[in-house]
Structure formats: C-alpha cells, structure tokens
Amino acid sequence: MKLDDVLARIGEFSPYQLWVYHWYCMLAFSVAFHHLGQVFLGGASDHWCAPPDTLTTNCTTLDECQLQNSSFSVPVDDEDTARNEHNCMQYVSYFNVTEDAPLEECTNGYEFDHSQYTNTIQEDFTLVCKHKRSAALAQSVYFFGLLVGSIFFGSVADRIGRKPTLIICAVLQSSLGLITAFVQSFAAYVCLRFLIATASMGIYLITFVFATELVGLKWRNVAGNVVPIYWGLGIMLLAFLGYLVRDWRKLQIVLSVPTAVAVIYMPFLPESVRWLLSQGEVAKAEAIIHRAARASKVTIPEHPFDEKLEEEKSDRKYTALDLFRTPNLRKKTLNVMYNWFVVVMVYFGLSLSTADLGIDPYVAFMLSGLVEIPARIFSIFAIDRFGRRPILAFVILFGGACCFLTVFIAPGVYRVTVAMSGKFALTAAFGVVYVYSAELFPTPVRSAGMGLASMSGRLGSVISPLALVISDIWEPLPLVLFSSLSVTAGLLGLLLPETMGTNLPETIEEGEAFGKKPRQNKSNGDAHELKVAADDDEVDEKLVV
C-alpha cells in the first residue's frame, strides 16, 4: 500500500496524529513572537534633549521631572521645516529663552517619555534624530534573514530530515534570542536579529511542511491552514506580553523562553513518515505508523508499505535545482514563486497604506492577529469546496481590488473597512498558497520548493515599503502597482493544475507528470492519438492524480 492508503485505514487525522500535530504547531507561537516582536522592542517614544547636569529641577515624581526637564530644552516645532525641533534641537542658552532664540543639536544626550515603554532599543542605542533610520535597518536585515532561512533550512530539511532541522532551528532561535537581550551595541543586535530570522523561518516553513505530510488526503487542507491559526494566536499573545512587559530586554527574554521549552519535548516527537519513505527508511516509517495504529486501535499488516519502495530508494540527494530541470516542474515552480511574491508584497502594501486606526496600540495589534483566524477558517472551507486554483485567484484579485479602492476613499471608517477587507483576503491567500504549494511540490524537494516560494515572498516584503517611494511621482501609484500585480498573479494562478482530491506527488517523476495536459500531434491534417507530454521513460512511472 501507499502511505495515503495506510493513513485512510488508521484514520487520516487520528488522535495520535493530532497530538503530534499540536506540539509541532506550538512552535508557530515563537515564530510570531520574534517576527513581530520588533513592534514592542523598538516601540517609538517621545524624546527631547536632556538638560545639563547643572540645571536643577524641583520635582518628586518621574512624570513631573520629565515635564520640567522638557520645558527647559524643548523648542516649539517650526511648521516651515521638517527638523522636528522638539525632538532633536535645544536652545543654545537655557536662560532668557524667547521664541526666536537660536537652536542647536542636543549636546547632553536625550531623555525619553516612559509613559508607555520603560525602555526600548531606541533609547538604549540612541536610535533617534539623525540615527532614526537605523531602527528601520534592524527590521530590514531581519526580513533578509527570513529570505536566507527559507532557502537554507528548506534544503537542509530535505537532506537530513524535518525533525533534526527543526531542533537545530529551535536551539538557534532560543539561544540567540536570549543572548540578544544582553547585547550592548546596535551592530550586535542587528546581527543576532538576522540569525534569529533565519532560524525562525526554518521553524515555520518546516512545521508547515510536516503538518501537510502528517495527515491524509481528507485533512491536508485543514492541517495546512490551522498552522497559521497558531500564528494568529501567537500575535494576540504577543500583544498581551508586550502590554505586561514594557522593558525590551525583559520582553526579549520572555519571547525566547517558549522555544527553549520546545527543545526539551521535540526529541520525543516522530519524524515525517513521508520523508522517511522518500529516503528508503521503510523500517522507521513502519514503526511510526504502527504506533499511530495502536493509538487508534486499528490493526494493519506488519509491513504495510510496498516492498519496492525500499528497492527504489536512490542514493541521490535532491536539491531545489531539480525543480528547474524539467519543463512542467519549472513552469509550476516559477508560477508559484510569482504568486508568493505578489501575495506578500500586496499584503504589506495594504498594511503600510492603511491609516492609523486611532485606538490603543496593544488592542490594535491584537485585532491584527484576530483577523487572521476567520481568514484562515474561510480558506479551509473554501478551497475544499471550490478548489485551490479558483479560490487563490479570487482572494488575490479581491485583495488587489481593495488596495485599489483605497485610492478613492477618504480616510475614515469606510477606508479602514475596505483596507481590513483587503487584509482579510490577502491573509486567506496566504493560507491557500501555502497549502497549494506544498501539494504541487514532490516529496523529495517539497521543503526546498517551499523554501524557494517563501524566499520569493520575503523578497516581496522587502520591496513593498520601497515601492511606496514612487508615490513622489504620483501619490496613488504604489496602490495602482499593487493592484496590477494582483491581476497578473491571479490570472497566472489559473494556469496551475488543481490539486483538490489528489494524492501528493511522491517522486520527481510524478511531480513532473502531474498537471500535464494531453496533447494532440497532427500530420497532414490527420490527428494522431492523444499522448501524455511526459518523456517515454516517465510513462511507466505511477501518475498520482
């Protein structure tokens, strides 16, 4: 029997599989913590020039002292300049101050408003005024780390296995996260954030691949889309932790501890059975399957898998390059990469072009995680009822339309509603494209393929804020660009083969053959019989449809 047949017998999502699934998905919490933790680690606080030590104030509380100190050193902002005088300038003399008194840059450092944050990286590393852009650098480097991690750890997982790669990533994320809390330089902070990003991307990517490989055909869509629900819950929990812990160093420690706990229990979880079979490790795969069968109280043969699986095992190690060696796989891979690029780019484009909601930042952040949950639930039911291909095209096109409509809607409730509808659609697109991609890539290169796709998405996230710069040419131009890209991605997505109701391709040959249309050869106007476009040596391979 093939694996999907065995899973159908023991239960495609048995209690044992559900137990394993839950503990792997718990890793998504830590990924959300580190991916979005910068919102609170680097939260912006009001600041002003610190007065000289010789200037004494009569105050008893921190708020009173800050108010009095700022009154000595804070000029009024000049509407004719963009110098942010009250943040970055001080009076040359603190005595006999008048409105037209000369100003100079801060000479005694800065003081910060602690009404919301007791300490942030901006305060510790003085990332204000002429160094203000350095704070954005840390997040840009983090995005680049996600790109590197998606490529590197995707290939590693296909070579050494899902489980050991996850353990490596978890150890790196936890240990580096704890070290980050004690760094004393901004350069060290940026470097560590880059490494944490590579590990975090490895964790999320491989967790998703494992989730789709763990269950049978019937539950594959649900398993793939529930992983991001854990992510959304992680965002909501991060808002709560950020509210409780206002010091960035303490918060960094709090965010790194959960992964350390995961490192303890992960060695007791099983490896992916699909990966083991792809490597010819039939005995190990059978041991895991028998454990699941016992938990479900189902009897299966002692050796449930086809004997020839072990005979067909090849010593060759596949890489992401194998996705481009054959024409059909190459076209599908490039199409998937482009869709990922657009989905992520438009998602961030909508986020960056949405006006401030004007509510408590912690509540707003929690709501941004909450909207992920109904969007994922929608994608679960929609793609199993209508198919992966039409739903992917619909949500991308709808999200792009919302992005375009914001050009014509004045700031306010209606614009926020349209923008949040767009975010809902693009969040659903994330769920669809994750599941769809994992089903299109064959098992030997599934992690590597997902790594390439995710890399394209990370490239979109890096370019998205840069694309907003073209608003200097014409203010609505970025939104028009995002909408245009959405149209092309949605239409190209319709060229991908439908995967609903099909088994996962287990070999490179099956991946190449999957989705190929029969073609008709003609000679002198006479139609010959239909032939599959695969090479002759691929015809004997099993076609999984």
Side-chain angles (χ1 to χ4, degrees), residues 18-43 117 119-121 138-139 142 145-146 149-150 153 157 162-183 189 192-211 214 223 225-270 362 365-366 368-370 372-373 376 454:
L18 181 61
W19 179 81
V20 173
Y21 176 86
H22 167 71
W23 288 108
Y24 270 111
C25 286
M26 288 293 289
L27 292 167
F29 278 69
S30 65
V31 177
F33 292 166
H34 289 283
H35 187 62
L36 299 174
Q38 179 83 0
V39 173
F40 302 114
L41 300 175
Y117 304 106
N119 189 24
T120 65
I121 62 170
Q139 193 63 23
Y142 185 89
L146 295 178
S150 63
F153 285 113
R162 301 353 181 185
K163 177 180 171 180
T165 306
L166 274 173
I167 293 176
I168 292 172
C169 291
V171 170
L172 287 173
Q173 187 195 67
S174 178
S175 59
L176 294 174
L178 291 172
I179 293 172
T180 301
F182 299 96
V183 296
Y189 175 84
L192 287 170
R193 284 282 292 173
F194 169 82
L195 296 175
I196 291 171
T198 60
S200 296
M201 193 64 237
I203 289 175
Y204 191 81
L205 179 68
I206 300 166
T207 296
F208 181 85
V209 170
F210 184 91
L214 176 67
N225 273 292
V226 170
V227 175
I229 290 180
Y230 279 80
W231 159 274
L233 293 173
I235 295 175
M236 298 171 67
L237 181 57
L238 173 59
F240 179 70
L241 294 174
Y243 177 80
L244 294 179
V245 184
R246 306 295 182 96
D247 183 289
W248 83 267
R249 294 184 184 274
K250 294 177 182 178
L251 180 60
Q252 179 67 35
I253 294 174
V254 171
L255 301 183
S256 302
V257 169
T259 319
V261 176
V263 172
I264 299 175
Y265 71 71
M266 285 180 63
F268 300 99
L269 298 178
Y362 297 100
F365 191 82
M366 184 172 290
S368 71
L370 183 62
E372 301 268 342
I373 298 176
R376 301 296 184 176
S454 182

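This chain uses plain numbering: 1 for the first residue, then up along the sequence.
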inquiry  = Quick check: do Val226 and Cys25 have side-chain heavy atoms less than 4.5 Å from each other?
reply    = no

key: ring pair (Phe, Tyr, Trp, His ring centres under 6.0 Å) partners of Phe240, counting only residues at least two apart   = none

query = Partners of Pro258 by side-chain contact (heavy atoms from CB on, under 4.5 Å), sequence neighbours excluded?
reply = Phe33

inquiry  = Among residues at least two apart in sequence or on other chains, which ones pass salt bridge (charged side-chain N to carboxylate O under 4.0 Å, His left out) with Arg162?
reply    = Asp158, Glu213

key: Expected output: side-chain Gln252 to main-chain Gly177 donor-acceptor under 3.5 Å   = yes

request  = Quick one: list whatever passes ring pair (Phe, Tyr, Trp, His ring centres under 6.0 Å) with Tyr230, sequence neighbours left out.
outcome  = His22

Counterpart residues, side-chain contact (heavy atoms from CB on, under 4.5 Å), relative to Leu18 (two or more places apart) = Phe13

query = If you take all heavy atoms of Ala157 and Thr165, which pair is closest and at what distance?
reply = CA-OG1, 3.3 Å

request  = Look up atom CE in Met266 and atom CD1 in Ile167, then write down how far apart they are to the nearest 0.5 Å.
outcome  = 5.0 Å

key: Distance, nearest 0.5 Å, that separates CD1 of Ile196 from OG of Ser175   = 8.5 Å

task = Please tell me if the side chains of Leu176 and Phe194 come closer than 4.5 Å, counting only heavy atoms from C-beta onward.
result = no

ask   = Would a distance-only check, ignoring hydrogens and angles, find a side-chain to backbone donor-acceptor pair under 3.5 Å from Arg246 to Thr120?
value = no

inquiry  = To check you understand the geometry: which heavy-atom pair defines the closest contact between Leu238 and Ala32, and what is its length?
reply    = CD2-O, 3.9 Å

query = Got a second to check how far Ser174's OG is from Leu255's CG, nearest 0.5 Å?
reply = 11.0 Å

request  = Can you measure from CG (Leu244) to CG (Leu241) and round to the nearest 0.5 angstrom?
outcome  = 6.5 Å

request  = Name all pairs fulfilling the side chain to side chain donor-acceptor pair (under 3.5 Å) condition that reach into residues 198-210, sequence neighbours left out, sorted by first residue then second.
outcome  = Gln173-Ser200

ask   = Can you find a pair of side-chain heavy atoms, one from Leu172 and one from Phe153, that are under 4.5 Å apart?
value = yes

ask   = Who pairs with Tyr24 by side-chain hydrogen bond (donor to acceptor under 3.5 Å, both in side chains), at least two apart in sequence or on another chain?
value = none

inquiry  = Under the rule for side-chain contact (heavy atoms from CB on, under 4.5 Å), what residues qualify as partners of Trp23, not counting sequence neighbours?
reply    = Trp19, Met26, Tyr265, Leu269

query = For residues 249-258, which residue pairs qualify under salt bridge (charged side-chain N to carboxylate O under 4.0 Å, His left out), counting only residues two or more places apart or in two chains?
reply = Asp124-Arg249

message = Tell me the closest heavy-atom pair linking Ser256 and His34, and the distance in Å.
response = OG-CE1, 3.5 Å

query = Less than 4.5 Å apart, any side-chain heavy atom of Cys169 and any of Met201?
reply = no

query = Out of curiosity, Leu192 CG to Tyr142 OH, how far, rounded to the nearest 0.5 Å?
reply = 12.5 Å

inquiry  = For Phe40, give me all partners under ring pair (Phe, Tyr, Trp, His ring centres under 6.0 Å), at least two apart in sequence or on another chain.
reply    = Tyr362, Phe365

inquiry  = Just so I know, are the side chains of Tyr189 and Leu41 near enough to count as touching, which here means a heavy-atom distance under 4.5 Å?
reply    = yes

remark   = Closest non-hydrogen atoms of Ala170 and Val263, given as atom of the first, atom of the second and distance, are CB-CG2, 3.7 Å

key: Partners passing side-chain contact (heavy atoms from CB on, under 4.5 Å) against Met236 (at least two apart in sequence or in another chain)   = Leu233, Met366, Leu370, Ile373

ask   = If every non-hydrogen atom of Val227 is compared with every non-hydrogen atom of Ala211, which pair is closest and at what distance?
value = CG2-CB, 3.8 Å

query = Between CD1 of Ile121 and CD of Gln38, what distance do you get to the nearest 0.5 Å?
reply = 4.5 Å

note = Residues passing the ring pair (Phe, Tyr, Trp, His ring centres under 6.0 Å) test with Phe268, sequence neighbours excluded, are none

